[in-house]
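Since the structure comes first, as structure tokens, the remarks are kept for the end.
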Number of protein chains: 2
Amino acid sequence: MNGTGTAAEDRVFAALANATRREVLRLLRERGPQPVQALADHFDMRRPSLSEHLKVLREAGLVSERRSGRQRLYRLEAAPLADVQDWLHPYERFWRERLKGLGDLLDRMPDDERS
Amino acid sequence: MNGTGTAAEDRVFAALANATRREVLRLLRERGPQPVQALADHFDMRRPSLSEHLKVLREAGLVSERRSGRQRLYRLEAAPLADVQDWLHPYERFWRERLKGLGDLLDRMPDDERS
DNA sequence: ACAATAGGTAGGCAGTTCCCTACCAGTCAA
DNA sequence: TTGACTGGTAGGGAACTGCCTACCTATTGT
């Protein structure tokens, strides 16, 4: 039924369901790998809380850490986002067809329907 | 098309962070609009719980309901999924480059490891 | 060795999620 | 109207989130 596993998909979507964590991903995307403190400086939040967000991202596979002296550099790992795009694929025709105004026609096709 | 605020994105990702709700979307995608009972038959869960899942999907804009007699037909609304795809776009180069083994090179490019 | 720095962990607390059982309202058929 | 059938709502409980402060280890400079 699933290649990645349902629990893994849950973790990725749940990790993305938080503005702070999406912002962390954006920072890593735009600035490259960052230590925790550099990330924490951008949020109105204590560092331990950000550490917990990083843990959620790590367990979802969205970031990796590399120790460098007393710092830990967090790096964006985009593979789970590629999985999200794959997951979206079968839905793509729905929003494309809807834009062309074919949605109502489609509604009647698989089931008895009217609009 | 919409005011894609942070709260709206939170709601969409949170709605997707649950296997039951993703399965509902898959059923609506594959079978077209469905009444609640037809959906509930596919889950090991009481109907009121599924009703709550449908409410979450509705508030995320991922489904719409249309009353038809004593039934309510739920239909897939893919627009928020298009928004998710848009959100993914800036990350796309990361997994493409990673596949080519350019990741480590890229890590050093945008930032000079300020430490 | 000592003090400072980087960052994870423990535990607490309020709010949310996800399931349940009861119950309520609207619609159709006899 | 009564009764069956649709599906949402109320309220409760266990588990999880997301924030905090306090504390711990590990590394580095003096």
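By convention in this document, chain letters (A, B, ...) are assigned in the order of the sequence lines, proteins followed by strands, and residues within each chain are numbered from 1. Remember, predicted model here, so these are calculated numbers, not experimental data.
Contact annotation: B:N18 reaches the phosphate of C:dC18 (side-chain N/O to OP1 or OP2, under 4.0 Å). Residue B:S51 has a polar side-chain atom (N or O) positioned under 4.0 Å from OP1 or OP2 of D:dG8. Remark: A:R46 is in phosphate contact with D:dT21, judged by side-chain N or O atoms under 4.0 Å from OP1 or OP2. Contact check, B:H53 against C:dC19: a side-chain N or O comes under 4.0 Å of OP1 or OP2. The phosphate of D:dG18 (OP1 or OP2) has no side-chain N or O of A:S49 nearer than 4.0 angstrom. Close to D:dG8, at under 4.0 Å from its OP1 or OP2, lies a side-chain N or O of B:Y74. Taking 4.0 angstrom as the limit, B:R72 places none of its side-chain polar atoms (N or O) nearer than this to OP1 or OP2 of D:dT6. For the pair A:R21 and D:dG18, the criterion of a side-chain N or O lying under 4.0 Å from OP1 or OP2 is met.
Residues A:K55 and A:R70 each lie close to DNA chain C; by heavy-atom proximity, the contact nearer the 5' end of the strand is made by A:R70. Annotation: of the two residues near DNA chain C, B:P48 and B:E52, the 5′-most nearest-nucleotide partner is B:E52.
Residue B:E65 contributes atom CD, which lies 14 Å from atom C1' of D:dT9 at whole-angstrom precision. The CG atom of A:L73 sits 8 Å away from the P atom of C:dG7 (whole-angstrom rounding).
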### Derivation of the side-chain contact (heavy atoms from CB on, under 4.5 Å) call for A:E9 and B:L16
CA-CA 9 Å; A:E9 258 178 349; B:L16 297 177; over 6 Å; no
Q. Should B:T20 and B:L50 be marked as a side-chain contact (heavy atoms from CB on, under 4.5 Å) after you check the CA-CA gap, both sets of side-chain angles, and the distance that decides it?
A. CA-CA 8 Å; B:T20 298; B:L50 186 69; 4.2 Å; yes
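Note: A:W95 CH2 to A:L88 CG = 5.0 Å, rounded to the nearest 0.5 Å.
In this structure, B:R29 fails the cation-pi test against A:F94, since its NZ or CZ atom is not both closer than 6.0 Å to the six-membered ring centre and inside 45 degrees of the ring normal.
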